[in-house]
Number of protein chains: 2
Amino acid sequence: MKRRPTIMDVAARAGVSKSTVSLVLQGSPQVRAETRKSVETAMADLAYVYNRAAANLRSASVGLVGLVINDLRNPFFTEFATTLQMTLAGEGYATIIANADEDAALQEKLVGSMIEHGISALVISPAYGETGETFDQLARSGLPVLQVLRRVDARTDLFPFASFDYAAGSAEATRHLIARGARRIAFVGGLPGAPITHERKSGWCEVLTAGGLDRLALHGKSSRAFGLEAAETLIDSHPQVDAAVCFNDLVALGLMAGFARAGRPVGDAFRLVGFDDIEEAAQSWPQLSSVSCDIAGFARDTAARLLAWMTGGDRPARDLRSPVHLVARASSLGPAA
Amino acid sequence: MKRRPTIMDVAARAGVSKSTVSLVLQGSPQVRAETRKSVETAMADLAYVYNRAAANLRSASVGLVGLVINDLRNPFFTEFATTLQMTLAGEGYATIIANADEDAALQEKLVGSMIEHGISALVISPAYGETGETFDQLARSGLPVLQVLRRVDARTDLFPFASFDYAAGSAEATRHLIARGARRIAFVGGLPGAPITHERKSGWCEVLTAGGLDRLALHGKSSRAFGLEAAETLIDSHPQVDAAVCFNDLVALGLMAGFARAGRPVGDAFRLVGFDDIEEAAQSWPQLSSVSCDIAGFARDTAARLLAWMTGGDRPARDLRSPVHLVARASSLGPAA
DNA sequence: GATACCTTTTGGATCGTTCCAATTCCACCG
DNA sequence: CGGTGGAATTGGAACGATCCAAAAGGTATC
């Protein structure tokens with residue numbers, strides 16, 4: 001097995017110097033069209049493959065972006081990850097996607113590995129229980145780091161944060177439920193203590209307080225399984241509850257399945273609103289009302305902000321909130337008038 | 001901003017040579033414990049970070065594995081991807097996960113980019129419509145490449161293939177439906193012409209032919225949206241159909257939602273079996289019967305086979321099939337006796 | 001024909017590791 | 001006390017690109 005050709009081989013074949021080949025590789029405008037052509041032919045003939053490791057060693061930028069996601073199984077994050085990756089790919093960056101699986105220790109290892117591989121920037125939606133270790137590590141590395149969708153407190157000076165206006169969304173959802181006749185509105189899902197849980201709950205909380213209504217919150221993992229579980233709890237222990245705002249759509253869909261299982265389909269006596277508006281929300285039965293976050297658009301914006309920062313632009317704003325809006329579907333409308 | 005420390009800096013601080021530091025880095029047993037210790041202290045003091053690009057330049061192995069997935073939004077593949085990544089991470093390899101989104105052209109670009117980044121091996125579940133370009137590229141690179149879950153025809157001599165015994169699974173599902181009383185069993189989903197569609201359909205086809213029963217197949221994308229659409233088609237145009245085997249669980253869940261929407265809940269007059277047994281199958285209402293593939297186990301096996309191959313072992317078997325088994329749940333059982 | 005100027009091309013140094021052969025160290029032996 | 005051999009350490013040469021300053025080539029101006 002013979003070794004892969006290098007720019008030297010290409011240069012020899014094309015009858016130019018290695019520097020010229022390098023310029024061609026970088027798409028420099030200062031090489032004559034004719035020369036460029038012959039270099040390109042030589043590359044094709046030799047089946048040359050660019051060695052980024054070598055390039056990086058000298059120029060310190062690999063065109064690699066890291067993406068660490070707390071839970072890649074959640075379609076909301078999958079959508080974000082795939083869109084971000086495709087957008088960055090369009091700009092010539094490769095993305096290392098990693099799933100921390102809500103495990104702070106694993107997350108730390110993943111980030112360490114990415115730094116070693118010479119990523120030029122990192123986008124992270126931090127795992128619950130992040131202790132700060134990961135962020136210390138990142139701070140030392142001096143890399144551009146964007147926090148998205150979730151925040152670790154008090155570090156936004158170092159790592160700008162972007163997310164959605166969750167509080168406004170949950171307030172809107174709650175007001176909507178009240179307008180449709182609900183009076184005892186539970187909040188379901190979200191691990192207690194996590195900042196994002198607080199945000200998604202706060203709008204609900206404020207609206208209910210302002211209206212002098214009771215508050216009941218069932219906290220837990222943000223999964224379909226917890227939704228199923230919560231449905232049982234609600235039916236058995238809190239039969240008076242007539243609506244729920246869920247931490248996310250997975251919980252809401254689980255809750256919906258749980259109610260259906262118990263013979264009390266959602267949308268009639270029980271009204272439900274989810275969060276994230278994942279694709280499935282419009283495909284379930286009954287269709288799920290949800291606070292819609294334009295996650296694909298958000299991913300594209302994130303890519304743009306990151307690229308701007310990486311290529312010498314300023315650090316982006318510390319705390320950016322994208323607007324959300326409620327999409328009302330059958331699950332929250334209640335009995336036909 | 002001053003430059004990052006190198007092994008030379010570490011060596012100077014620890015009072016040894018760069019070669020010794022390199023040996024420590026590689027965990028060589030031939031360096032004295034005491035020396036190792038002082039080197040490690042120096043590294044910690046300087047907040048040294050290993051530069052893999054430089055290492056790779058010299059040694060030609062970055063510890064990077066590429067993973068290209070046709071559709072990362074499908075939970076079946078997400079599960080595979082995350083498990084594979086976590087397993088490889090345990091062995092010190094970083095994984096670049098990329099989503100080709102069923103787009104052969106994008107897939108080709110992604111693979112090209114990965115090769116440039118110096119991946120040591122690639123795992124790929126190819127996109128539909130793969131024309132062979134991608135595989136030519138890979139063949140030239142000489143990398144270990146494992147095809148999984150889907151196959152591009154006639155290349156298994158170059159790129160070993162591993163998957164599940166889909167045909168047996170669909171036969172089992174079909175026999176099960178017949179045993180429960182179904183007689184007109186449709187097959188729903190799967191793009192026509194794709195080898196995997198053929199496999200998942202063939203078991204159904206054989207069993208029906210053997211039993212002298214009618215066959216109706218509705219082909220389309222393997223998504224929830226197509227399932228919804230298919231439900232309408234079945235109800236409007238083929239009311240006599242009393243059961244379906246679906247290409248995958250997403251289609252089945254979409255179909256289920258479509259039937260529910262039309263006021264004809266699945267599980268009673270209409271029996272349904274999906275494929276993949278994703279987590280949601282056990283959480284839907286009614287619970288979805290599905291041909292279960294142990295995807296996490298498969299991902300771990302894949303990682304093991306790949307590591308063995310990469311580290312000098314033989315090329316794995318050309319065509320490996322893992323067994324599947326039917327998990328019967330409410331959606332296929334029919335009315336209680 | 002000499003000069004200036006712009007475009008295109010070039011050689012050599014450099015990036016931070018690993019690898020190899022060579023050297024030093026050290027304990028033990030005759 | 002010199003010799004021996006294994007363990008521990010070391011210096012220098014790669015690896016394959018980029019970057020930079022300088023050289024060569026070409027054109028227009030005087």
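First the proteins, then the strands, lettered A, B, ... as listed; each starts at 1.
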Quiz question: going by heavy-atom distance under 3.5 Å, is there a donor-acceptor pair between the base of [N] and the side chain of [X]?
X: A/R32; N: C/dT8; answer: no
X: B/S19; N: D/dG11; answer: yes
X: B/R58; N: C/dT18; answer: yes

Where the side chain of [X] is defined as all heavy atoms beyond and including C-beta, which of [options] is the nearest nucleotide?
X: A/K18; options: C/dG12, D/dG16, C/dT18; answer: C/dG12
X: B/I7; options: D/dT18, C/dT17, D/dG16; answer: C/dT17
X: B/A55; options: C/dT9, C/dT18, D/dT9; answer: C/dT18
X: B/V31; options: C/dG16, D/dT18, D/dT9; answer: D/dT9

(request) Assign A/V21 to base, sugar-phosphate, or nothing according to its heavy-atom contacts below 4.0 angstrom with the strands shown. (result)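 The residue A/V21 makes no contact with any strand.
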(request) Remember a base hit wins even if backbone is also touched, and classify A/T6 as base, sugar-phosphate or nothing at under 4.0 Å, heavy atoms. (result)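 Counting heavy atoms under 4.0 Å across all strands, the contact made by A/T6 is with sugar-phosphate only.
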[X] [atom1] to [N] [atom2]: how many Å, rounded?
X: B/E34; N: C/dC25; atom1: CD; atom2: C1'; value: 14 Å
X: A/L23; N: C/dT7; atom1: CG; atom2: P; value: 15 Å
X: A/R36; N: C/dT7; atom1: CZ; atom2: C1'; value: 14 Å
X: A/N56; N: C/dG16; atom1: CG; atom2: C1'; value: 10 Å
X: A/L57; N: D/dA17; atom1: CG; atom2: C1'; value: 8 Å
X: B/D9; N: C/dG16; atom1: CG; atom2: P; value: 8 Å

Using a cut-off of less than 4.0 Å, is there contact between a side-chain N or O of [X] and OP1 or OP2 of [N]?
X: A/T35; N: C/dT8; value: no
X: B/Q26; N: C/dC19; value: yes
X: B/S17; N: D/dT9; value: no

Backbone N/O of [Y] and side chain of [X]: donor-acceptor pair under 3.5 Å:
X: A/T78; Y: A/L72; answer: yes
X: A/S28; Y: A/Q30; answer: yes
X: B/S113; Y: B/K109; answer: no
X: B/D9; Y: B/T6; answer: yes
X: A/T83; Y: A/F80; answer: no

(message) For A/N51 and B/Q30, find the nucleotide of DNA chain D closest to each by heavy atoms; which residue's nucleotide sits nearer the 5' end?
(response)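 Its nucleotide being nearer the 5' end, the pick is B/Q30.
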(request) Using distance alone, with no hydrogens and no angle criterion, decide if B/R150 and B/Y128 have a side-chain donor and acceptor under 3.5 Å apart. (result)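 Yes.
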(message) What I want to check is whether the side chains of A/S22 and A/Q26 have a donor and an acceptor closer together than 3.5 Å.
(response)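 Yes.
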(request) Select from B/M8 and A/G15 the residue whose nearest nucleotide in DNA chain C is closer to the 5' end of that strand. (result)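 Comparing both residues, the 5'-ward one is A/G15.
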(request) Among A/F76, A/F164, A/F77, find the residue that satisfies the ring pair (Phe, Tyr, Trp, His ring centres under 6.0 Å) test when tested with A/F298. (result)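 Answer to the ring pair (Phe, Tyr, Trp, His ring centres under 6.0 Å) test with A/F298 among A/F76, A/F164, A/F77: A/F164.
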(message) If the helix axis at each end comes from five base pairs, how far does the helix from C/dG1-D/dC30 to C/dG30-D/dC1 deviate from straight, to 10°?
(response)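 Angle reported: 60°, given to the nearest ten degrees.
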